[in-house]
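Each remark here refers to the structure printed beneath this line.
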Amino acid sequence: MSTLDFTPDEMMTIAASRALGNDDVCFVGIGAPSAACNVARLTHAPDITLIYESGTIGTAPEALPLSIGDGELCDTALTTVSVPEMFRYWLQGGRISIGFLGAAQLDRFANINTTVIGDYDAPKTRLPGGGGAPEIASSSQEVYITMKQSKRGFVDKIDFFTSFGHGEGGDHRQRIGIKTKGPTLLITDLAIWKPDPETKELTVVSLHPGVTKDDIQATVGWTVKFADKLEETPAPTADELKVLRDLKERTRIAHEGRKVERKGEVA
Amino acid sequence: MSTLDFTPDEMMTIAASRALGNDDVCFVGIGAPSAACNVARLTHAPDITLIYESGTIGTAPEALPLSIGDGELCDTALTTVSVPEMFRYWLQGGRISIGFLGAAQLDRFANINTTVIGDYDAPKTRLPGGGGAPEIASSSQEVYITMKQSKRGFVDKIDFFTSFGHGEGGDHRQRIGIKTKGPTLLITDLAIWKPDPETKELTVVSLHPGVTKDDIQATVGWTVKFADKLEETPAPTADELKVLRDLKERTRIAHEGRKVERKGEVA
Amino acid sequence: MAKFLELKDAVSSIISSGDSVAFEGFTHLIPHAVAHEVIRQGIDELTVIRMTPDLIYDQLVGMGLVKKMIFSYAGNPGVGLLRRVRDAVENSWPRSIELEEHSHAAMANAYEAGAAGLPLAVMRGYMGAGLKDVNPNIKSITCPFSGEELAAVPALRPDVAVIHALKADRKGNVLIEGIVGVQKEAVLAAKRSIVTVEEIVDDLEAHPNACVLPHWTVTAICVVKGGAHPSYAQGYYGRDNNYYIAWDKVAADRDRFQSWMQENVVAASTNVFSERVEGLEVNQ
Amino acid sequence: MAKFLELKDAVSSIISSGDSVAFEGFTHLIPHAVAHEVIRQGIDELTVIRMTPDLIYDQLVGMGLVKKMIFSYAGNPGVGLLRRVRDAVENSWPRSIELEEHSHAAMANAYEAGAAGLPLAVMRGYMGAGLKDVNPNIKSITCPFSGEELAAVPALRPDVAVIHALKADRKGNVLIEGIVGVQKEAVLAAKRSIVTVEEIVDDLEAHPNACVLPHWTVTAICVVKGGAHPSYAQGYYGRDNNYYIAWDKVAADRDRFQSWMQENVVAASTNVFSERVEGLEVNQ
């Protein structure tokens with residue numbers, strides 16, 4: 001961490017948390033999105049509504065869940081609905097302001113692949129698949145994406161269209177009948193990206209502290225566009241860092257669970 | 001009541017109750033069907049499942065509800081589901097063994113009208129309409145109908161097809177794609193009727209005690225078919241009568257409600 | 001985001017003449033107080049949507065405020081016919097009304113589809129039923145897998161949904177319990193909503209899977225104790241069955257109806273509802 | 001009509017080789033004990049259906065019992081990939097399996113449609129998504145009212161649904177609470193069902209609108225305390241997160257996987273589940 005008192009991962013989570021507001025209704029994916037949404041809730045957006053696809057609405061976990069459906073999410077939720085209802089009334093019903101997605105592969109138009117590396121029928125790597133993502137991408141009012149930058153992940157051409165971002169760019173979403181905005185924000189460990197208003201190509205609008213344009217290009221498989229007025233992401237505040245680290249510590253303790261060895265123990 | 005110790009109405013309710021068994025799952029209409037289903041539950045079929053379209057499943061009211069959704073139905077139910085779920089999972093899902101309907105008009109093929117007398121667009125009498133009946137008639141495994149006989153109700157031609165019985169008879173149901181049996185039993189204040197296995201025309205199979213063929217024909221607007229082996233419906237037993245009368249008395253007391261006059265009193 | 005408003009202000013700011021308004025409550029929790037406020041404010045040319053029109057639509061129709069009624073069962077439950085609705089349909093008094101008539105299954109599915117953001121509901125229904133012939137909003141689709149022809153009806157998307165619920169918390173989260181009907185669907189299907197409640201509490205004390213409307217799905221919440229009378233509120237007060245029985249006589253006669261409405265609705269205020277449920281309370 | 005059976009007898013009498021079986025439970029209440037019994041009995045050529053295949057399908061697939069998998073997310077939740085499923089898909093070890101892949105929304109809708117007795121589910125989905133091109137069971141219908149093209153998938157109608165629930169009463173009525181997932185839909189959609197429960201009680205003490213499966217909708221009920229482990233049972237025991245994390249290493253290696261399965265599943269009995277949740281109990 002040398003001169004800076006935070007990791008790129010922490011910067012990513014905190015930058016993502018800042019993009020969320022009190023009135024947002026977020027459909028939260030597991031991992032980085034979950035951390036960002038809960039940091040927002042524990043800092044500047046205490047009234048944000050967090051929804052996990054397991055059916056928990058208005059949840060406020062003390063520690064981060066390992067899965068999308070830990071008991072903690074239900075215990076602290078306003079209410080918990082069935083999974084069909086979640087996808088029909090709450091996601092398809094247009095009630096989600098921000099759908100928060102991660103990705104294995106991402107292209108310059110924010111199309112996402114989490115299905116396969118290689119050919120679908122004879123994959124090099126079979127990934128978990130889309131889960132809720134195909135409809136989160138089309139039914140949420142906006143989509144935020146958060147993932148670490150790497151040549152493996154930021155590719156010129158994704159192997160499978162798990163969920164549609166801006167397609168081939170421009171008005172491609174509208175042309176195929178999608179009425180929502182799609183990806184409007186990408187937060188990585190290095191930068192903040194937004195789609196160009198016209199072409200919809202992802203464009204770096206803010207570099208995290210200490211990150212150079214070369215660092216960006218070195219981790220991306222296409223020629224990166226930078227905004228004319230490139231900003232620097234404000235470093236995490238002491239308060240933001242404390243909230244995030246306390247949350248991670250509570251999470252660590254919570255997931256440690258039981259210590260006794262028993263029959264059928266896998267470890 | 002002269003020589004007999006019960007009314008035709010009591011005979012109707014008790015005869016209907018006898019047609020129900022412990023394993024039946026009944027979709028119960030208000031009025032005579034509700035009384036019959038609860039008498040069955042309180043006599044020979046204690047484990048019968050009664051479902052009201054308001055969403056109450058496995059209900060066991062102390063007194064008969066006035067409406068399809070009195071609080072008593074929910075208080076005594078195994079569970080209460082939403083109305084969309086009731087019609088989707090429970091009725092359309094094929095889980096109802098007996099749908100119990102009444103009618104304003106009925107024809108010889110057990111088609112039912114509860115919508116209008118006269119022309120639909122300029123009705124002589126606007127009746128309440130179908131409510132759940134159109135789909136109760138097509139989705140229940142079987143339909144039982146209970147109503148009092150009268151020339152006004154038992155007509156040669158119904159004014160409106162609120163719900164489809166056997167259409168024009170024969171295999172008309174199958175021809176229009178309905179897979180359930182449809183009306184298999186009609187219980188009136190005078191007799192028990194069943195559709196002819198071939199033509200599906202309603203046929204009197206059992207006369208209630210003291211009722212003659214002429215009594216039947218005098219209350220029906222078409223030439224009535226009688227079964228070759230016409231039976232006599234066993235008179236209500238003392239136990240059946242006691243259960244029904246106690247139920248009606250509990251119902252009378254329950255519906256009496258509050259006695260105080262208040263502002264906004266309608267009476 | 002739910003605002004806490006006086007009923008008068010909620011109705012005047014949320015419902016306008018010409019709106020389509022779903023007043024829902026399946027026997028339980030019927031929003032009578034809101035309907036009476038609509039009558040007092042004379043909001044007219046309404047398209048009213050309700051599975052079981054019941055007394056409140058007898059009153060709204062009888063007062064001439066209704067242009068069109070979308071419904072599936074227009075009866076006084078357990079009592080008989082709705083005499084004011086009949087008079088409008090049969091004799092155009094006090095005005096003619098347009099009817100769009102469905103089955104319960106279709107209405108319930110159409111609300112569900114509205115809540116789910118779909119343009120249509122698909123069901124196995126209306127087979128051999130006459131409503132298909134008189135309601136052009138009953139169409140069909142063919143299942144591309146089985147070839148089966150299924151009924152299709154347009155989703156319901158009212159301008160306003162009006163419901164009565166048990167209680168809300170201070171953030172505006174709303175609890176419905178017991179016979180929940182189609183109220184959640186109606187609110188989620190509508191552009192705006194008014195929810196009257198028996199009380200505001202610190203904590204809903206709701207079961208994890210209870211029927212709760214989050215505060216950000218509701219437009220306005222108004223406390224109206226007894227606001228469902230003569231319908232009932234589970235755990236608060238019972239159904240006033242005698243009132244339903246007696247209504248039949250009030251509604252039977254145009255003059256009696258009008259003077260009753262004048263005295264008990266037009267000249268009354270929202271507070272009367274709490275008095276009307278006195279003696280009907282149940283133990284919670 | 002629910003029968004109370006020993007798990008062994010329920011599995012042998014209800015699930016046969018070649019059946020389509022939905023094991024459901026969305027993170028919560030995953031029916032591990034039943035899956036292990038299926039493995040012990042070597043019931044094979046299964047079409048398994050599950051939104052989130054999870055460890056139990058890693059185990060069933062790794063043991064070669066699965067012919068086809070219908071699913072929407074094949075991951076170890078919060079941990080990573082399912083290594084046995086990967087090995088089957090990428091290397092056909094121990095056999096090749098057929099995949100029918102959907103989105104969560106489509107699977108949830110397809111169960112819903114199955115429970116509702118419909119042949120298809122209609123949704124706004126798969127827009128611009130690649131699964132449309134690789135799954136012939138994703139088609140479309142056109143709304144006859146709006147003209148909108150909507151996605152259509154066939155209803156799921158499994159031969160058998162397998163779930164773990166919290167408790168049953170002595171009549172066989174079953175209570176599910178907390179994250180209820182798609183279990184009710186799966187049971188109602190299926191021809192037959194096996195429900196394991198934590199306990200049998202005199203009274204479910206359920207909330208009026210709780211998720212309850214009436215006894216006549218369930219084929220067999222088996223008491224298996226801890227039967228969801230390493231998943232959890234709300235109010236009984238917590239999720240064994242470490243087990244999920246550790247599974248990643250077991251599944252990474254074919255030999256280790258096989259010896260683990262031999263020791264902990266094939267040579268084990270149903271009783272081990274109650275031991276496995278010791279120390280994970282939560283206060284009810």
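Side chains included, hydrogens not; waters and symmetry mates left out as well; all remaining heavy atoms used. Here is how names work: the chains are called A, B, and so on, in the same order as the sequence lines, proteins then strands, and each is numbered from 1.
- Listed options B:C74, B:P84, B:S54 were ranked by heavy-atom pairs under 4.5 angstrom with chain C; first place goes to B:P84.
- C:L82 does not touch chain B: none of its heavy atoms, backbone or side chain, sits under 4.5 Å away.
- Residue B:L50 is tested with B:L73, B:N38, B:T76, B:I57 for a side-chain contact (heavy atoms from CB on, under 4.5 Å); the sole match is B:N38.
- Checking C:K184, C:Q183, C:M51 one by one against C:Y111, the side-chain contact (heavy atoms from CB on, under 4.5 Å) holds for a single residue, C:M51.
- A salt bridge is absent between B:K157 and B:D107: the closest approach of a Lys/Arg side-chain nitrogen to an acidic carboxylate oxygen does not fall below 4.0 angstrom.
- Counting heavy-atom pairs closer than 4.5 Å to chain B, the top-ranked of the candidates C:V182, C:I176, C:V134, C:V180 is C:V134.
- Shown here for B:A137 and B:L101, the closest heavy-atom pair between the two residues is CB-CD1, 4.3 Å.
- Under the 6.0 Å cut-off for aromatic ring centres, C:H36 and C:F273 qualify, their centroids lying closer than that.
- Looking at B:T114, neither its backbone nor its side chain comes within 4.5 Å of chain C, counting heavy atoms on both sides.
- Heavy atoms only, all atoms of each residue included: C:E24 and C:I49 are closest at OE2-O, 4.2 Å.
- A donor-acceptor contact closer than 3.5 angstrom is absent between the side chains of C:E177 and C:H207.
- For chain C, the nearby part of B:T162 is the backbone; its heavy atoms alone come within less than 4.5 Å.
- In summary, the side chains of C:T52 and C:Y57 do not present any donor paired with an acceptor at a separation below 3.5 Å, with no hydrogens or angles considered.
- Between chain C and the residues B:L91, B:V116, B:D75, the most heavy-atom pairs under 4.5 angstrom are made by B:D75.
- Of the atoms belonging to B:E53, heavy atoms from both backbone and side chain fall under 4.5 Å from chain C.
- Looking at B:Q92, both its backbone and its side chain come within 4.5 Å of chain C, counting heavy atoms on both sides.
- Most heavy-atom pairs under 4.5 Å with chain C, from the set B:G129, B:P134, B:S138, B:G71: that is B:G71.
- For the set C:C211, C:A108, C:A151, the entry with the most heavy-atom pairs within less than 4.5 Å of chain B is C:A108.
- The contact between B:F87 and chain C is made entirely by side chain atoms (from C-beta outward), counting heavy-atom distances below 4.5 Å.
- Applying the 6.0 Å contact sphere to NZ of B:K148 captures no more than 12 heavy atoms from other residues, nucleotides or ligands.
- For the residue pair B:Q149 and B:W193, a side-chain donor N or O sits within less than 3.5 Å of a side-chain acceptor on the partner.
- Within the 4.5 angstrom heavy-atom criterion, atoms from both the backbone and the side chain of C:R124 approach chain B.
- Not less than 6.0 angstrom separates the ring centroid of C:H32 from the ring centroid of C:F23.
- The residue among C:E90, C:R86, C:M127, C:H102 with the most heavy atom pairs within less than 4.5 Å of chain B is C:E90.
- Heavy-atom pairs under 4.5 Å with chain B were tallied for C:A129, C:A106, C:A233, C:S231; the largest tally goes to C:A129.
- Between chain C and the options B:S34, B:S163, B:S82, heavy-atom pairs under 4.5 Å are most frequent for B:S82.
- Between chain C and the residues B:G55, B:A77, B:P123, the largest count of heavy-atom pairs under 4.5 Å involves B:P123.
- Interface remark: C:F71 contributes side-chain atoms only to the contact with chain B (heavy atom separation under 4.5 Å).
- Your options are C:G178, C:G238, C:G181, and the one with the most heavy-atom pairs under 4.5 Å with chain B is C:G181.
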